[in-house]
Amino acid sequence: MKKLILFLFILILPSLIAAGALYYFFPKDFKNLIDLGKEKIVVYYPFLKKYIHVAEVVKKPVKKEEEPPLKEKIIIPNLHHFTNAEIYAPICGKEVTEKFADLFTGCEFCPKYLINEMKENQFKYISETRGFILKKEEEEAIIFMNGCYRSDQSGSAILIRKGFGGWQRVSVYNNIQFDKEPLEFFEENGRFIFVARRTILKNDEIKQELFSFQFQKNNMTQQNLFSIHMPRGLKCETALQGAIEIPIKMKDTIFQSNLEIVGCNENKLNGMYLLIFQLKDGVFKPNKETSILMTKIEKYGE
């Protein structure tokens, strides 16, 4: 028995010496080791928890990394753009000889069917609209083009219709003027009605207009919605002067544009205004505020 006790003492003596040295030289590590041992004992023998005190470890909350803010999803309209193979021949008046699958961007010359042909200019693509233009039962499209006219401000709209041999040119509407591709709206009968701004440059003034237009078989009907003049020259004019921004489509039947009225003479109408028009019964009409403003502008100076 004495030999067994002596053997066990010799066996654990190095551990006791190591523990004593750890306690003496590294008290903090010794305490951590004792606490770890207590935790292990309590884990394996839970009934000893009431006899062995184990300090509760308060875990620091893990800071969750902030996720980067979601970027606003950019909605790209699903626009279809004609290719050269589809409409080069009806628009340019010649068969395409290369780049059949490329998107149509215009003609490197002025087609012969144009009234005011200028061979030094190009016939450039602006935009296109597909849908019911003249015949509801047919597949139609309007192609807006510019160039090939004596005035850089003028352009054309070519009505094309799809048949058994592909797209065919049906009508050409010349001397159409707008500053940017028109906004598209639908009448109650499903036909397209367009809205645009145009700037007319003259020697003595600059005139800007908001107008709507529709295509008929042999002509184009227009409705002047709003107009303002800006005199050109150094002389101070008493008349109102203003500028209209490009209109923006807000809803299926509503568009708006900003108007700035300025002048070298002080007047109560100087400032920024919001013009709002709504499509009703096939005609664009100003809302109440816009209508009141238009009346004030018309009566100014009376």
Side-chain angles (χ1 to χ4, degrees), residues 71 73-186 190-199 201 211-220 246-249:
K71 293 183 179 180
K73 185 177 180 181
I74 300 175
I75 300 176
I76 302 176
N78 184 22
L79 299 179
H80 182 90
H81 193 129
F82 280 114
T83 62
N84 286 330
E86 291 176 298
I87 65 168
Y88 189 92
I91 302 299
C92 299
K94 293 182 180 180
E95 294 294 333
V96 62
T97 58
E98 59 181 357
K99 300 180 180 179
F100 295 90
D102 286 7
L103 300 180
F104 178 75
T105 58
C107 317
E108 297 296 326
F109 51 89
C110 292
K112 292 183 179 180
Y113 61 80
L114 292 180
I115 297 175
N116 299 322
E117 182 180 348
M118 296 181 66
K119 294 183 179 180
E120 66 272 23
N121 286 350
Q122 298 179 347
F123 204 35
K124 299 177 182 179
Y125 169 93
I126 298 176
S127 63
E128 66 189 53
T129 296
R130 299 192 187 200
F132 174 31
I133 309 297
L134 295 183
K135 289 190 175 184
K136 198 167 186 177
E137 66 278 5
E138 300 287 349
E139 188 174 354
E140 298 177 323
I142 279 283
I143 312 298
F144 292 102
M145 308 286 293
N146 71 350
C148 295
Y149 290 94
R150 299 186 183 279
S151 171
D152 293 335
Q153 305 168 46
S154 297
S156 298
I158 295 93
L159 172 63
I160 59 177
R161 186 175 297 148
K162 194 170 186 179
F164 294 107
W167 292 93
Q168 304 295 328
R169 184 174 67 252
V170 177
S171 298
V172 180
Y173 305 88
N174 293 314
N175 294 313
I176 300 176
Q177 182 182 338
F178 44 81
D179 299 335
K180 196 175 181 181
E181 60 269 20
L183 304 177
E184 303 171 358
F185 296 89
F186 288 100
R191 288 183 59 189
F192 277 105
I193 181 169
F194 301 92
V195 171
R197 184 197 74 176
R198 61 184 166 203
T199 302
L201 302 178
F211 70 105
S212 64
F213 60 97
Q214 252 184 334
F215 296 102
Q216 297 180 347
K217 185 176 181 180
N218 296 317
N219 62 356
M220 183 182 71
I246 295 292
I248 301 173
K249 185 175 181 179

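Start at 1 with the first residue, then count along the sequence.
The shortest non-hydrogen separation linking Met220 to Ile176 is SD-CD1, 3.8 Å. In this structure, Pro111 and Cys92 approach most closely via the heavy-atom pair CB-O, 3.7 Å. For the residue pair Tyr173 and Asn218, the shortest heavy atom distance occurs at CE2-C, 4.4 Å.
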Donor-acceptor list for residues 127-135 side chains, cut-off 3.5 Å, not counting sequence neighbours:
{"residue": "Glu128", "atom": "OE1", "partner": "Phe82", "partner atom": "N", "Å": "3.2"}
{"residue": "Glu128", "atom": "OE1", "partner": "Tyr125", "partner atom": "OH", "Å": "3.0"}
{"residue": "Glu128", "atom": "OE2", "partner": "Phe82", "partner atom": "N", "Å": "3.4"}
{"residue": "Thr129", "atom": "OG1", "partner": "Glu184", "partner atom": "OE2", "Å": "2.5"}
{"residue": "Arg130", "atom": "NH2", "partner": "His80", "partner atom": "NE2", "Å": "2.8"}

Atom pairs and distances, donor-acceptor, side-chain atoms in residues 159-172, under 3.5 Å, two or more places apart:
{"residue": "Arg161", "atom": "NE", "partner": "Glu140", "partner atom": "OE2", "Å": "2.9"}
{"residue": "Arg161", "atom": "NH2", "partner": "Glu140", "partner atom": "OE2", "Å": "2.7"}
{"residue": "Arg169", "atom": "NH1", "partner": "Pro90", "partner atom": "O", "Å": "2.6"}
{"residue": "Ser171", "atom": "OG", "partner": "Lys217", "partner atom": "O", "Å": "3.4"}

Show which side-chain atoms of residues 93-102 pair as donor or acceptor with protein atoms under 3.5 Å away, not counting sequence neighbours.
none

- Go through the steps for Phe211 and Arg198 under the test side chain to side chain contact (heavy atoms under 4.5 Å, CB included), then give the verdict. CA-CA 8 Å; Phe211 70 105; Arg198 61 184 166 203; 3.5 Å; yes

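Remark: Phe194 engages Phe144, Phe192, Phe213, Phe215 in a ring-ring contact (aromatic ring centres under 6.0 Å, His included) (not counting sequence neighbours). In this structure, the side-chain contact (heavy atoms from CB on, under 4.5 Å) partners of Lys124, at least two apart in sequence or on a different chain, are Gln122, Asn146. Qualifying side-chain hydrogen bond (donor to acceptor under 3.5 Å, both in side chains) partners for Arg191, counting only residues two or more places apart in sequence or in other chains: none. Residues passing the ring-ring contact (aromatic ring centres under 6.0 Å, His included) test with Phe185, sequence neighbours excluded: Phe284. Every residue meeting the side-chain contact (heavy atoms from CB on, under 4.5 Å) condition with Thr199, not counting sequence neighbours, appears here in chain and number order: Asp179, Arg197, Leu201, Ile206, Gln208.
Between the CD1 atom in Ile193 and the CG atom in Leu183 there is a gap of 11.5 Å [rounded to 0.5 Å]. Atom OH of Tyr88 and atom SG of Cys107 lie 5.5 Å apart (nearest 0.5 Å). Taking NE2 of His81 as the start and CG of Leu103 as the end, the distance is 5.0 Å to the nearest 0.5 Å.
In this structure, the side chain of Tyr113 engages the main chain of Ile91 through a donor-acceptor pair within 3.5 Å.
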